[in-house]
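Position 1 is the first residue of the sequence, and the numbers go up from there. Being a predicted model, the structure only gives us computed values, none of them experimental. Numbering of ligands and ligand atoms starts at 1, following listing order.
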Amino acid sequence: MAAPLRVAVVGSGPAGAFCAQILTEESGRDVGDLAVDVFERLPTPFGLVRYGVAPDHQKIKSIVASLTEVFETPGVRFFGNVTIGSGAGCDLTVDELRAHYDAVVLASGAPLERRLGVPGEDRAGVVAARDFVSWYSGHPDAAFDTSVLAAERAVVVGVGNVALDVARMLVRTPDELRRTDVPEHVVEALAGHRVREVCVVGRRGPEHAKFTNKEFLELAAIDGADVVVSPDDLVLSEQARAVAARPAAARLLASLQKVAEREPQGRARSIRFLFHRTPVEFAGRTDIDTAVRAVRLAHTQRPEIVEDLPVGLVLPAVGYRGRALAGVPFDNTSGTIPHRDARVVDGERVLPGLYAVGWVKRGPSGVIGTNRLCASETVEALLADAADLAGSGAGPEGIEALLRARGVPVVDWSRWQAIEAAETALGERTGRGRVKLHERDAMLLAAGVAG
Ligand SMILES: Cc1cc2nc3c(=O)[nH]c(=O)nc-3n(C[C@H](O)[C@H](O)[C@H](O)COP(=O)(O)OP(=O)(O)OC[C@H]3O[C@@H](n4cnc5c(N)ncnc54)[C@H](O)[C@@H]3O)c2cc1C
């Protein structure tokens, strides 16, 4: 009889979960013949579905139900609160996983923000959209100083869906926020903030905007703010018209045009789109001022025009990048793990039994479903190698022994369910639906593994 196949997956976001799902559904192996252990640094599963997808997008978040089924499939185990890497804060190394499992799939996502490279980017008040998103999503490691919400104008740099999420969350009403699962301190901070205008700045013209028509229409229909598009920004050059003829761009431009023709309703807040502009400096008031007071915007089509926009909060939303994992090759330029058909490579050499999937493999692009296609490719490669790999690792028992010896408070699936129950109870106490716990200690306490 062939040896069972034991696979470790690093990361429980969509990419890791889809791998586990496809492995159990399509490997042709039965329970006992296949083991998939998913290691997650947070006490909670689902990656950016829990900590990225906007809280008011509950329909998209309903994917959690099918991801839950994956973790409840016989043969799949969840090891939450276990960080893979080396050095302080890490519990297991990739090499240890490789020694104990037949294959290791890296699904660690793209947790770092891309920088703009604009002078003044380190000033107080310039906050990566990622940090704002993590904060309103209740991520336990979120670092966001709410004092920046005292600003009257915020500028979001970037014209992707994340930029729109961030702009929308800044104008949601407290009632709308209370219908989501965001922690109460987030509702309070967003309810009391002073931001009156949110400018969304795009380097290129509207024909190149990366946000989808669906996301834009949702924003345009929001109660809490006037959405303002300048008709001047919609005048297209001949070159731009060729791009604008593509169906997706044409649909979006038609929606932008409709909004540009609308009269503002005099709402308390507004979201203003500024295309063909790029920030060239985040300026302070004086040389010794460490806070951002103005964004200097250059017009990309007419560089002689430069405008200073007074501002107290800047949220660059220009993309994410992966983080290197100790013991694994990493391409610093793309922020991804180099691979050939999902097999991790070190230069020309394929590292046997090591695979990548999701954002850490292909960069931060696509929707959740794109990770399923990506996972299919990864699992296909892994199963093609399975005959050589099966039985090559010493077995997961050794990893469990290491975790015990190191005193790692592992959050397994039943302990995660205890966190879920605590979140439901918290919501009931505050007259809301389920409300997220946002502190690691509180999560571990709810899971019954604290102290
Ligand atoms: C702000 C934002 C909003 C989005 N909104 C939408 C949307 O509305 N609709 C949509 O379709 N897509 C959306 N996406 C995209 C979607 O979230 C991604 O396509 C998807 O989450 C990528 O999956 P992943 O598994 O590769 O990465 P992730 O979801 O990031 O999962 C990676 C997991 O690995 C864990 N991990 C990282 N390092 C380690 C380690 N060393 N040890 C153990 N675990 C580790 C992380 O904690 C995380 O749980 C959004 C993305 C962002 C950033």
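- By the 6.0 Å contact criterion, CZ on Arg323 is open, its count of non-hydrogen atoms from other residues, nucleotides or ligands being 12 or less.
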task = Could you go through the salt bridge (Lys or Arg N to Asp or Glu O under 4.0 Å) check for Asp122 and Arg115 one step at a time?
result = CA-CA 10 Å; Asp122 293 322; Arg115 288 180 57 91; 3.1 Å; yes

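- Short contacts between ligand 1 and Leu48, defined as distances under 4.0 Å to a heavy atom of the residue, involve ligand atoms 17 (O), 21 (O), 28 (P), 29 (O), 30 (O), 53 (C).
- For the side chain to side chain contact (heavy atoms under 4.5 Å, CB included) criterion with Arg321, the lone passing option out of Thr336, Leu112, Val360 is Leu112.
- Residue Gly13 has at least one heavy-atom neighbour below 4.0 Å for each of these atoms of ligand 1: 25 (O), 29 (O), 31 (O), 33 (C).
- Ranking the protein heavy atoms by distance from atom 38 (N) of ligand 1 puts Ser108 CB, 3.5 Å first.
- For the pair Val49 and ligand 1, the shortest N or O to N or O distance does not fall below 3.5 Å.
- Residues Ser147 and Asp145 have side chains that bring a donor and an acceptor to within less than 3.5 angstrom of each other.
- Protein heavy atom nearest atom 34 (O) of ligand 1, with residue, atom name and distance: Gly11 CA, 3.2 Å.
- Of all non-hydrogen atoms in Phe275 and Val159, the two that sit nearest each other are CE2-CG1, 4.1 Å.
- Residue contacts with ligand 1 for Phe39 involve N, CA, C or O but no side-chain atom from C-beta outward (heavy atoms, distance under 4.0 Å).
- The shortest non-hydrogen separation linking Ala446 to Ala418 is O-CB, 3.4 Å.
- Under a 4.0 Å criterion applied to the non-hydrogen atoms of Val82, ligand 1 contributes the atoms 43 (C).
- For atom 14 (N) of ligand 1, the closest non-hydrogen atom on the protein side is Val53 CG2, 4.5 Å.
- Residue contacts with ligand 1 include Pro14, since one or more of its heavy atoms lies under 4.0 Å from the ligand.
- The nearest protein atom to atom 39 (C) of ligand 1, hydrogens excluded, is given as Arg41 CD, 3.8 Å; this is a heavy-atom distance.
- Residue Leu42 has no N or O atom closer than 3.5 Å to an N or O atom of ligand 1.
- For Lys210, the NZ atom counts as loosely surrounded, since its 6.0 Å shell holds 12 or fewer non-hydrogen atoms of other residues, nucleotides or ligands.
- Atom 20 (C) of ligand 1 has Asn371 ND2, 3.5 Å as its closest protein atom, hydrogens excluded (heavy atom only).
- Of the protein's non-hydrogen atoms, the one nearest atom 15 (C) of ligand 1 is Trp359 CZ2, 3.6 Å.
- Atoms of ligand 1 lying under 4.0 Å from any heavy atom of Tyr320, numbered from 1 in the order shown and given with element: 1 (C), 53 (C).
- Among protein heavy atoms, the minimum distance from atom 42 (N) of ligand 1 is reached at Ile84 N, 3.1 Å.
- Under the 4.5 Å side-chain criterion, counting only non-hydrogen atoms from C-beta, His57 is in contact with Glu215.
- Taking the six-membered ring for Trp and thresholds of 30 and 60 degrees, Tyr136 and Phe132 have ring planes more than 60 degrees apart, a perpendicular arrangement.
- Residue-level proximity to ligand 1 for Val10 is carried by the side chain, the only part with a heavy atom below 4.0 angstrom.
- The shortest heavy-atom distance from Thr44 to ligand 1 is not under 4.0 Å.
- For the side chain to side chain donor-acceptor pair (under 3.5 Å) test with Gln21, the passing option among Arg372, Glu69, Glu26 is Arg372; the others fail.
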Show me the side-chain donor-acceptor pairs of residues 148-158 shorter than 3.5 Å, one per line, residues at least two apart or across chains.
| unit_1 | atom_1 | unit_2 | atom_2 | d |
| --- | --- | --- | --- | --- |
| Glu152 | OE2 | Arg194 | NH2 | 3.3 |
| Arg153 | NE | Glu197 | OE1 | 2.6 |
| Arg153 | NH1 | Pro310 | O | 2.6 |
| Arg153 | NH2 | Glu197 | OE1 | 3.3 |

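- Atoms of ligand 1 found under 4.0 Å from any heavy atom of Gly47, numbered from 1 in the order shown, are 29 (O), 31 (O), 48 (C), 49 (O).
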inquiry  = If you apply the rule salt bridge (Lys or Arg N to Asp or Glu O under 4.0 Å), what do you find for Asp181 with Arg434, and how did you get there?
reply    = CA-CA 6 Å; Asp181 60 4; Arg434 179 173 164 177; 5.8 Å; no

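- Contacts with ligand 1 closer than 4.0 Å are made by side-chain heavy atoms of Leu325 only, the backbone lying farther away.
- A 4.5 Å side-chain heavy-atom check between Tyr51 and Pro140 finds at least one atom pair inside the cut-off.
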inquiry  = salt bridge (Lys or Arg N to Asp or Glu O under 4.0 Å) for Arg406 and Glu96? Distances and angles first, verdict last.
reply    = CA-CA 13 Å; Arg406 289 172 189 171; Glu96 285 167 339; 2.7 Å; yes

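- Looking at atom 8 (O) of ligand 1, its nearest protein heavy atom turns out to be Ile60 CD1, 3.3 Å.
- Counting only heavy atoms, the protein never gets under 4.0 Å from atom 50 (C) of ligand 1.
- In terms of polar-atom proximity, Glu40 is counted as a contact of ligand 1, with an N or O under 3.5 Å from an N or O of the ligand.
- When heavy-atom distances to ligand 1 are checked against a 4.0 Å cut-off, Val162 comes that close only through its side chain, counted from C-beta outward.
- The part of Ala107 lying near ligand 1 is the backbone, judged by heavy-atom distances below 4.0 Å.
- The proximity of Asp165 to ligand 1, defined as any non-hydrogen pair under 4.0 Å, is limited to the side chain.
- In this structure, Arg269 and Gly224 approach most closely via the heavy-atom pair CB-O, 3.6 Å.
- Using a 4.0 Å cut-off to heavy atoms of Gly52, the atoms of ligand 1 that qualify are 1 (C), 2 (C), 3 (C).
- Remark: ligand 1 and Gly358 share no N or O pair separated by less than 3.5 Å (distance only, no angle test).
- For Ala356 against Thr378, the heavy-atom pair with the smallest separation is O-OG1, 2.8 Å.
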